[in-house]
2 protein chains.
Amino acid sequence: MAKEISVQTLQRLPLYLQYLKTLPPKGEKSISARALGEALGFGEIQVRKDLACVSDSGRPKTGYPAVELTRDIENFLGYDNVNDAVLVGAGRLGKALLSYEGFRAYGLNIVAAFDSSPEKCGGDESGKKILPFSKLQNLCQRMKIELGIITVPASEAQAVCDVLVGSGVKAIWNFAPTHLHVPEEVILKNENIAASLAVLSKSLAKSESQFLNPAAVNER
Amino acid sequence: MAKEISVQTLQRLPLYLQYLKTLPPKGEKSISARALGEALGFGEIQVRKDLACVSDSGRPKTGYPAVELTRDIENFLGYDNVNDAVLVGAGRLGKALLSYEGFRAYGLNIVAAFDSSPEKCGGDESGKKILPFSKLQNLCQRMKIELGIITVPASEAQAVCDVLVGSGVKAIWNFAPTHLHVPEEVILKNENIAASLAVLSKSLAKSESQFLNPAAVNER
DNA sequence: GGTATATCGATACTCCATTATCGATATACC
DNA sequence: GGTATATCGATAATGGAGTATCGATATACC
């Protein structure tokens with residue numbers, strides 16, 4: 001436990017958690033690394049290494065107690081302390097994220113959305129407020145917002161990003177299909193659907209032309 | 001050119017392409033690996049190795065001719081031959097994907113969406129049709145659809161997946177936050193927002209507690 | 001209580017992606 | 001046309017993630 005953790009491991013942790021939550025509460029008290037691995041498509045050694053980073057509840061002969069393991073992963077990922085965030089760009093994708101209930105379970109709370117076109121402003125069906133872009137800076141500074149989510153078109157993304165950074169945001173989650181420039185100390189995570197699609201359609205093409213590598217493009 | 005290509009390289013190729021498209025048509029005819037790397041945050045050697053997989057248009061002293069390079073990447077990624085797809089789950093995320101204009105540029109054409117609740121059926125604002133789920137199998141078989149996009153809640157995802165596979169779909173793009181089981185020969189790509197968020201919020205937490213590693217969580 | 005066994009955790013190994021080094025070469029300039 | 005130079009491309013070195021092996025140990029069963 002408490003070793004250096006790699007990005008890959010970090011990305012797998014939520015998957016373990018998702019699976020643990022699907023287990024019936026009345027079922028087995030413990031689960032083995034092998035069983036977890038088979039359910040998710042990972043090797044059992046990899047599962048042990050991943051879990052060793054966040055929990056030491058593993059017991060020989062029985063495996064990991066489901067309740068303790070769940071708690072340990074959640075603690076590590078910080079799902080208990082909530083992160084406030086703002087979202088910029090109330091288009092379709094922005095609204096989809098706004099109304100996604102699951103974020104709260106991941107410790108993320110979108111406090112408000114912003115958009116430059118006035119007709120989008122007001123209340124969203126999700127119950128979240130959509131405010132004019134001009135109010136962004138003020139709100140971020142007042143509420144000490146640290147995370148900004150960008151769902152505007154690519155052409156506006158850098159400008160929005162600059163405003164967010166100027167408002168004290170420390171991390172940017174970018175869904176616009178473009179590369180953003182941020183200062184050293186600001187964390188940037190790009191969500192690029194084209195990159196994912198490239199992997200998928202390429203392996204589809206490959207498998208059709210009988211080349212090689214038919215399956216399992218995903219993780220690992 | 002034409003060496004084995006890694007998944008990582010494959011994921012970066014669309015990023016090069018995106019950047020190339022932002023260059024003014026009247027500007028420099030050529031661009032160097034160093035310039036590309038600086039714009040996107042990669043090392044110049046990595047850029048050369050990536051591009052070597054898909055193009056041999058690089059010239060000493062000048063770099064890569066923008067037009068040729070663009071064409072080579074697009075050819076490699078298959079953006080010229082269109083892939084038909086169906087989407088299942090006309091919720092907010094599903095509709096967002098439906099109306100995303102950018103897909104066509106990536107060689108993806110969503111021919112129709114499906115949903116089990118009748119009130120969602122009919123025409124979407126995007127112009128795409130939303131059909132009852134019962135018609136899924138028939139349409140897939142008739143049109144020989146090879147790619148299925150899943151945007152239903154996690155609880156229904158496996159059932160939808162099974163129907164898609166049973167309808168002859170060869171690749172699944174899964175946006176539901178759950179792990180799916182598919183036959184060996186079916187390609188599965190999971191889009192997991194929780195995994196991305198985990199990386200982001202963890203590094204945010206880290207940078208605050210002054211541990212280490214302040215920036216650049218993203219690719220590489 | 002003793003013993004067999006399933007499973008964990010640590011160490012060692014392998015493999016692949018990234019990074020560094022170096023020679024080759026086409027262009028630009030004189 | 002000759003020469004200097006920026007840049008590419010190939011080969012080698014490094015680093016890190018994933019995988020295998022093996023001993024340790026807690027549990028279950030007799």
Side-chain angles (χ1 to χ4, degrees), chain A residues 1-13 15-16 20 28-66 68-69 72-73 195 198-199 202-203 212-213 216-220, chain B residues 1-13 15-16 20 28-66 68-69 72-73 195 198-199 212-213 216-220:
Chain A
M1 186 168 171
K3 359 207 111 177
E4 277 303 317
I5 192 158
S6 73
V7 172
Q8 282 84 346
T9 294
L10 192 47
Q11 296 199 85
R12 282 189 295 266
L13 288 175
L15 306 180
Y16 297 122
L20 287 169
E28 297 289 328
K29 287 251 184 302
S30 292
I31 184 164
S32 70
R34 170 185 291 264
L36 265 169
E38 280 192 9
L40 294 169
F42 305 146
E44 61 174 322
I45 301 108
Q46 186 171 64
V47 175
R48 276 195 213 102
K49 273 190 109 173
D50 285 345
L51 298 185
C53 295
V54 301
S55 175
D56 51 5
S57 67
R59 302 261 183 104
K61 181 83 178 183
T62 55
Y64 301 83
E68 286 181 63
L69 182 58
D72 288 341
I73 299 177
V199 178
K202 193 68 196 177
S203 33
L212 42 91
N213 193 27
V217 176
N218 199 34
E219 27 273 321
R220 119 248 294 285
Chain B
M1 184 167 170
K3 1 206 110 177
E4 276 305 315
I5 191 158
S6 73
V7 172
Q8 283 83 346
T9 295
L10 192 48
Q11 297 201 83
R12 283 190 293 267
L13 287 176
L15 306 180
Y16 297 121
L20 287 170
E28 297 288 329
K29 286 253 185 301
S30 291
I31 185 164
S32 70
R34 169 184 293 262
L36 264 170
E38 279 191 11
L40 293 169
F42 306 143
E44 61 174 322
I45 301 107
Q46 186 170 67
V47 174
R48 275 195 215 103
K49 272 194 107 173
D50 285 346
L51 298 185
C53 296
V54 300
S55 175
D56 51 6
S57 67
R59 301 263 184 101
K61 180 84 177 186
T62 55
Y64 301 82
E68 284 181 64
L69 183 57
D72 287 341
I73 298 177
V199 178
L212 43 89
N213 194 25
V217 176
N218 201 32
E219 24 275 319
R220 116 250 291 291

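Numbers restart at 1 for each chain; the letters A, B, ... are given by sequence-line order, proteins then strands. Here the structure is a predicted model, which means the values were calculated and not measured.
- Rounded to the nearest 0.5 Å, atoms CD (A:Q46) and CD (A:Q8) are 9.0 Å apart.
- Between the C1' atom of C:dA26 and the NZ atom of B:K29 lies a distance of 18 Å, rounded to the nearest Å.
- With D:dC8, C:dT19, D:dG18 as the candidates, the nucleotide lying closest to the side chain of A:R12 is D:dG18.
- Annotation for A:S30 and A:P65: closest pair OG-CA, 3.6 Å, computed over non-hydrogen atoms.
- Using a 4.5 Å cut-off on side-chain heavy atoms (C-beta onward), A:V54 and A:T9 make no contact.
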Give each protein N/O atom lying under 3.5 Å from an N/O atom of nucleotides 28-30 of chain D, with the pair distance.
none

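- Side-chain atoms of B:P60 lie closest to C:dA26 of the nucleotides D:dT25, C:dA20, C:dA26.
- Here the side chain of B:A33 is nearest to one of D:dC8, C:dA17, C:dT19, namely D:dC8.
- Listed nucleotides: D:dC8, D:dA20, C:dT7. Nearest to the side chain of A:S32: C:dT7.
- In this structure, B:Y64 and B:S57 approach most closely via the heavy-atom pair CD2-OG, 4.1 Å.
- Counting heavy atoms from C-beta outward, A:I73 and A:L51 have side chains that approach closer than 4.5 Å.
- With C:dT18, C:dA6, D:dG9 as the choices, the nucleotide that has an atom nearest any side-chain atom of B:Q8 turns out to be C:dT18.
- In terms of phosphate contacts, B:R48 brings no side-chain nitrogen or oxygen within less than 4.0 Å of OP1 or OP2 of D:dG9.
- Straight-line distance from the CG atom of A:D56 to the C1' atom of D:dT25: 15 Å, rounded to whole Å.
- Atom CZ of B:R34 is separated from atom P of C:dA20 by 12 Å (rounded to the nearest Å).
- Under the side chain to side chain contact (heavy atoms under 4.5 Å, CB included) criterion, A:A195 pairs with A:N192, B:Q11, sequence neighbours left out.
- B:Y16 meets the side chain to side chain donor-acceptor pair (under 3.5 Å) test with B:D50; sequence neighbours excluded.
- For DNA chain C, each stem of at least three Watson-Crick or G-U pairs (distances under 3.5 Å) is given as range with range: C:1-30 with D:1-30.
- For A:I45 and B:I31, each mapped to the nucleotide of DNA chain D holding its nearest heavy atom, the one lying further toward the 5' end belongs to B:I31.
- For the pair B:E28 CD and D:dT7 P, the computed distance is 11 Å after rounding to whole Å.
- The salt bridge (charged side-chain N to carboxylate O under 4.0 Å, His left out) check on B:E44 picks up B:R34, B:R48, with sequence neighbours excluded.
- Nucleic acid contact for B:R59: sugar-phosphate only, since backbone atoms but no base atoms lie under 4.0 Å from a heavy atom of the residue.
- Separating the CD atom of B:E68 from the C1' atom of D:dC8 is a distance of 14 Å, rounded to the nearest angstrom.
- When the P atom of D:dG15 is taken as reference, atom CD of A:E4 falls 16 Å away, rounded to whole Å.
- Distance CD (B:E44) to P (D:dT7): 9 Å, rounded to an integer number of Å.
- Counting only heavy atoms from C-beta outward, the side chains of A:L69 and A:L36 approach each other to under 4.5 Å.
- The interatomic distance linking A:Q46 (CD) with C:dC13 (P) rounds to 21 Å, in whole Å.
- Contact check, A:Y64 against C:dA6: no side-chain N or O comes under 4.0 Å of OP1 or OP2.
- In this structure B:T62 satisfies the side chain to side chain donor-acceptor pair (under 3.5 Å) test with no other residue, sequence neighbours excluded.
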